[in-house]
Amino acid sequence: MSKKTNEMSQILSQEKLASDVYSMWLRTEEIAKEASPGQFVSVYSRDGSRVLPRPISICEVSEDKRSLRLVYRVVGKGTEEFSMLKAGDRLSILGPLGNGFPLERAAGKRVFLMGGGIGIPPMVETAKALDGDKHIIAGYRDELFLQEELKRYGRVYTATEDGSAGTPGNVLDAMMANGLTKEEGREPEIIFACGPAPMLRAIKAYAQEMEIECWISMEERMACGVGACLACVCQSKEIDEHSKVHNKRVCKDGPVFLSTEVEL
Amino acid sequence: MSKKTNEMSQILSQEKLASDVYSMWLRTEEIAKEASPGQFVSVYSRDGSRVLPRPISICEVSEDKRSLRLVYRVVGKGTEEFSMLKAGDRLSILGPLGNGFPLERAAGKRVFLMGGGIGIPPMVETAKALDGDKHIIAGYRDELFLQEELKRYGRVYTATEDGSAGTPGNVLDAMMANGLTKEEGREPEIIFACGPAPMLRAIKAYAQEMEIECWISMEERMACGVGACLACVCQSKEIDEHSKVHNKRVCKDGPVFLSTEVEL
Amino acid sequence: MINTKVSLAGVELKNPVMTASGTFGSGVEYSELIDLNRLGAVVTKGVASTPWTGNPTPRIAETYGGMINAIGLQNPGMKVFCERDLPFLEKFDTKVIVNVCGKTKEEYCRVVDRLSDENIDMLEINISCPNVKEGGIAFGQDPFAVEEITAAVKKYARQPVIMKLSPNVADITEMARAAECGGADVLSLINTLTGMKIDINKRTFAVANRTGGLSGPCVKPVAVRMVYQVANTVKLPIIGMGGIATAEDALEFILAGATAVSVGTANFFNPRATLDVIEGIESYMQKNKIQDIQELIGVVK
Amino acid sequence: MINTKVSLAGVELKNPVMTASGTFGSGVEYSELIDLNRLGAVVTKGVASTPWTGNPTPRIAETYGGMINAIGLQNPGMKVFCERDLPFLEKFDTKVIVNVCGKTKEEYCRVVDRLSDENIDMLEINISCPNVKEGGIAFGQDPFAVEEITAAVKKYARQPVIMKLSPNVADITEMARAAECGGADVLSLINTLTGMKIDINKRTFAVANRTGGLSGPCVKPVAVRMVYQVANTVKLPIIGMGGIATAEDALEFILAGATAVSVGTANFFNPRATLDVIEGIESYMQKNKIQDIQELIGVVK
Ligand SMILES: Cc1cc2nc3c(=O)[nH]c(=O)nc-3n(C[C@H](O)[C@H](O)[C@H](O)COP(=O)(O)OP(=O)(O)OC[C@H]3O[C@@H](n4cnc5c(N)ncnc54)[C@H](O)[C@@H]3O)c2cc1C
Ligand SMILES: Cc1cc2nc3c(=O)[nH]c(=O)nc-3n(C[C@H](O)[C@H](O)[C@H](O)COP(=O)(O)OP(=O)(O)OC[C@H]3O[C@@H](n4cnc5c(N)ncnc54)[C@H](O)[C@@H]3O)c2cc1C
Ligand SMILES: Cc1cc2nc3c(=O)[nH]c(=O)nc-3n(C[C@H](O)[C@H](O)[C@H](O)COP(=O)(O)O)c2cc1C
Ligand SMILES: Cc1cc2nc3c(=O)[nH]c(=O)nc-3n(C[C@H](O)[C@H](O)[C@H](O)COP(=O)(O)O)c2cc1C
Ligand code: FES
Ligand code: FES
């Protein structure tokens, strides 16, 4: 298990990738070193009126493991604040948190990385870390981002809701349109997915039907980020080993779960 | 009466004058134009956890009346925040507030400007605005600041509590030590004073004894800064015309009062 | 054209946004900073039968996301108020609501009686001030007292009566019901929560009165909860307040069941707060294609 | 050498700083981030007789300077707690206080009875959770119920009993006196204030349970006031909490009369908050030449 640290990181760069999507590289002492793909960090606001951390997935770790990249969408006050920070500013973060994707399960398999919207960023580091035959399906609302990074580490298929690029529709549509099907012998042997709940629900159903091993990264509002407060639970199919009830903690037991383990 | 405006001012410069004393020049649209000596501004914190304004006296107004200077001591969270701002940063301020010193009362008189500690800054603009025979008595704890500015506009006599410069002791000690007395025919004909309560109390007593007209600038915690909330009252000797009780509003009826009008 | 007009016991406001008593004086001072004609109503500082000196200073202290105050209802008394402050307010195209305080039931009635003859749109009865020894909160924490004082002032009032409730109770709905039984026309809530701050360096109380009333953004969740509870208990229209600084805040109260809202402490850190709220409500309605603000009141159930 | 040791009903803590129930799990998770040996005590999440599922999500929402939570006392039940979580805590040189919840008086007693056999220093009885329908706050708002349940659990407890009071009352001293009469050894306050947040875009409640408990820096003035009132009413030692994030905050509570303090929500924005508070209290004592923390407890009167 990776060692968690609360650090005052330093912002190395801040860049706008799309209308409301930003990318930030942060210099850390410990966190980048410990991080693995699919894990996230808690980012603390610098404004005293906001007391809860913002969980943001680790998009990339630099080769020297001294810095990490966060790619995030401005959706509220916290992310708006982050977007206004500049190189040189400092930012308190806690991490790495959560379990991350079980890369070892993908060994030798045709792995599909499916990211939707702001669920795309963790797929960059995941693709980077995986060897072998990687298919990356990226679903966007309209504007594209992180395409170059993704293309560096695998074959990329794109879907957009407004049809402005790639396949019109969602990630499953893009799979079908590109012949990534059982009929063609090109279906996934294992899926790693991250994105909005409706997308995850559809992927879970598809995987269940096709009997494909599928790992999904869940989202829930968080307070502690380390498994102590029980704010961020999702419902589990079976009684959970730790909680003794039908609840799993997204921050600690997840965010990545086997799709059959959890209710969506 | 000066028109009040709430503006997003821009910081032109930030400078450290002494261990915990800072000086900030701000570009304003309206406030500097309207300001007169002894008035103050409400400075709003940028951190949402701090909801009350910090009243800071106007230390100087630039010749073109487009910017104003605030000199302040870091004593708590708000002033600490201000001290970390840099040129280019923006800061919301409301002003000019309060009445200011009644300069017209000093016409043709030997005027004494007496400032103690962080009560010294407003004396710069006051000295600048007054013609004639000006004596500036500045009392410090230890480190000096704003001496050059003061010297530009009048004769400066200095006192320090630790005796490291000028007369050891307070502003009254400096007066006596420099022969600014009735015996020498050099006593004040009118006093404008700003500083900590014990200093003002001593000056008030001195002025009363010597029957000298004396105006003092008072401090009290403020919320609205414009006379609406009745947070900042001081006790008045007579029933106040506006409040109908023995209270005057420091932010609106003051901060400058005739020393005989108010209890200290 | 979107409609932001709301009606409180027959009094029509051009928009639901008013000032919170005690934070806006009687309007004179803030009229230098904002156009009072744009407000739904101005609610004045509490008025008693005679001038009140209020509490010693320090009267306020900043707290995290808010402040405590113990002004102690300083006011010039009803005579000066009627002769000086009311004529000023009458010049504006906004409704005038006068906040009333008193030390005894008789004093409340005396003030209401005097104000009844004036050109005032509504009276707000403050039975919830935590900063005075007599009157105030002593009435606001006991349902029998709430009902009794409501019935008493109603006898003298020619304007609709707003009863202002205290949040320092275990069950706000009990107080709301009591005010309704007493004949209140409108309820306003919340007044301040009793709080304390200690100056650890001076080792003394940060406000001279020891305790003070907590207000500002920090109290909003308590206020929204109480407005929601009261809106789902009584039939009276509600004026919601407690921490409103933005249109988003105001909309929380409206969705929870408030017909109108007051902006208090926010005036101190943003003198334009009332106008920002008014404009923000309009944009929200436009964005969400809401024609009439009635469509929003109390829809979150 | 300065002394920060305090004693609560005969249990000696190396310093007055503990964790607030529900914000620190049973210590396992935060032990990766801070050294539990440094804490005065660890207070665990509420434990019931059987596993509780808790409330649906979203269970929390951020508010201005604080948060609301409606976890609903999810817990694995006393059996798993005793077999798995207690042995973990026993490894540390810190006092262990177990928070107890229940739906009925009998359930509280059952849990206390079971825990009495364990190596636990104190039991904290949560009669003030606003997020569960039965039990919890239903007990905490009625002085007769407070006294009754205190007396009941005291019969089963072999450890000193801390009664945890709710701030959602008109008069906290009444509840404190009731707990004292029932035989409580220590009082802890405050639990959370009932609050609500509305999501104006989704036009629904921000937490699934509609209402939640407000905690964090925003509530501190209410908490300090209540601690002060209770300290000046009953003779029992008090554990103060509500918004403590810094040593300055903790010292306000101590000066107001708290013998010990708990850090809750602050752990979420500063995992080192407890340690910062401990270190800050020591520096304050050093700076002010205070030998023994006893010299600070309740000195602001
Ligand atoms: C494990 C995990 C990984 C994530 N990774 C990313 C990422 O890489 N890039 C990215 O843009 N977003 C990511 N998110 C979503 C991100 O956390 C939210 O968009 C962000 O917290 C919003 O904060 P705000 O202050 O701008 O919004 P506000 O709506 O003002 O936030 C209010 C509160 O709600 C919480 N909140 C709001 N939306 C979410 C959400 N979707 N999930 C969890 N909490 C939420 C906030 O943390 C805060 O406490 C992730 C969420 C989780 C749980
Ligand atoms: C009319 C007037 C003019 C002033 N001019 C200057 C000046 O030119 N330079 C300068 O350094 N200081 C001046 N002060 C004092 C200055 O307002 C305080 O030092 C400052 O508000 C402290 O804020 P803080 O957040 O750093 O301290 P904190 O102690 O954290 O402040 C907490 C609260 O108390 C208020 N407060 C604290 N000290 C004072 C005080 N002495 N007077 C009024 N309110 C206070 C703050 O505004 C804030 O609301 C003036 C005060 C007044 C009333
Ligand atoms: C400085 C101050 C003075 C107040 N005076 C009064 C008053 O005279 N009468 C009254 O009913 N409420 C008074 N209040 C309470 C406010 O009207 C309002 O109910 C409360 O502050 C909550 O709203 P807010 O958080 O928007 O300020 C006062 C509040 C403050 C901050
Ligand atoms: C997420 C969360 C869970 C809580 N769970 C419990 C609990 O199980 N038992 C209890 O007595 N109090 C519980 N509380 C209340 C805290 O122990 C504490 O009384 C309150 O939060 C005030 O302190 P704070 O502002 O420092 O958080 C909980 C609080 C939070 C925020
Ligand atoms: S956020 Fe606290 S348990 Fe997950
Ligand atoms: S600060 Fe409001 S009246 Fe002076």
Side-chain angles (χ1 to χ4, degrees), chain C residues 61 63-68 130 137 140-142 166-171 175 193-206 210-214 216-229 243 245 247-256 284 288 296 299-301, chain D residues 61 63-68 137 140-142 166-171 175 193-206 210-214 216-229 243 245 247-256 284 287-288 296 299-301:
Chain C
T63 66
Y64 205 98
M67 63 182 285
I68 56 177
I137 205 161
Q141 288 181 318
D142 171 2
S166 168
N168 299 294
V169 296
D171 181 1
M175 305 300 153
L193 278 158
T194 308
M196 177 181 283
K197 180 174 176 175
I198 287 178
D199 183 323
I200 64 161
N201 294 313
K202 300 201 181 118
R203 279 182 230 159
T204 176
F205 304 97
R210 300 187 173 193
T211 57
L214 182 66
C218 58
V219 306
K220 194 184 63 177
V222 173
V224 171
R225 182 261 295 182
M226 289 189 168
V227 165
Y228 176 82
Q229 290 178 321
E248 289 72 35
D249 297 333
L251 286 159
E252 279 197 62
F253 282 85
I254 292 170
L255 293 168
Y284 175 89
N288 291 282
L296 292 173
V299 300
V300 173
K301 282 257 152 66
Chain D
T63 66
Y64 204 100
M67 63 180 287
I68 55 178
I137 205 163
Q141 288 181 317
D142 172 1
S166 167
N168 299 293
V169 296
D171 181 1
M175 305 300 154
L193 278 158
T194 309
M196 176 181 283
K197 181 174 175 174
I198 287 178
D199 183 325
I200 64 162
N201 294 313
K202 301 203 181 115
R203 279 182 229 159
T204 175
F205 305 97
R210 299 188 173 192
T211 58
L214 182 66
C218 59
V219 306
K220 193 184 63 175
V222 173
V224 171
R225 183 260 298 181
M226 289 188 168
V227 165
Y228 176 81
Q229 290 178 320
E248 289 72 35
D249 297 333
L251 286 159
E252 280 197 63
F253 282 86
I254 292 169
L255 292 168
Y284 175 89
K287 214 182 81 187
N288 290 281
L296 292 174
V299 300
V300 173
K301 281 258 154 66

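These numbers come from the heavy atoms of this one structure, side chains and all, not from hydrogens, waters or symmetry mates.
Using a 4.5 Å heavy-atom threshold, the side chains of Glu252(D) and Ile200(C) count as touching. Side-chain atoms of Thr63(C) and Lys220(D), non-hydrogen and from C-beta on, never get closer than 4.5 Å to each other. Contact annotation: the side chain of Asn288(D) approaches that of Arg203(C) to within less than 4.5 Å [non-hydrogen atoms, C-beta and beyond]. Contact of the Thr194(D) side chain with the Val222(C) side chain is not registered, since no non-hydrogen atoms from C-beta on lie closer than 4.5 Å.
The nearest pair of heavy atoms linking Leu214(D) to Cys218(C) is CD2-O, 4.0 Å. Here the closest heavy-atom approach between residue Met196(C) and residue Val224(D) is recorded as O-CB, 3.7 Å. Here the closest non-hydrogen pair linking Tyr64(D) and Gly65(C) is CE2-CA, 3.9 Å.
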Decide yes or no on side chain to side chain contact (heavy atoms under 4.5 Å, CB included) for Arg225(C) and Ile198(D), but give the supporting numbers first. CA-CA 9 Å; Arg225(C) 182 261 295 182; Ile198(D) 287 178; over 6 Å; no
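For the atom pair CG of Leu193(C) and CG of Leu193(D), the computed distance is 6.5 Å after rounding to the nearest 0.5 Å.
Chain C forms more heavy-atom pairs under 4.5 Å with one residue of Arg210(D), Lys287(D), Met226(D), Glu248(D) than with any other, namely Arg210(D).
Looking at Ile68(D), the atoms closer than 4.5 Å to chain C (heavy atoms on both sides) all sit in the side chain, from C-beta outward. For Leu296(C), the part lying under 4.5 angstrom from a heavy atom of chain D is the side chain only. Contact of Phe205(C) with chain D is made through backbone and side chain together, with heavy-atom distances under 4.5 Å.
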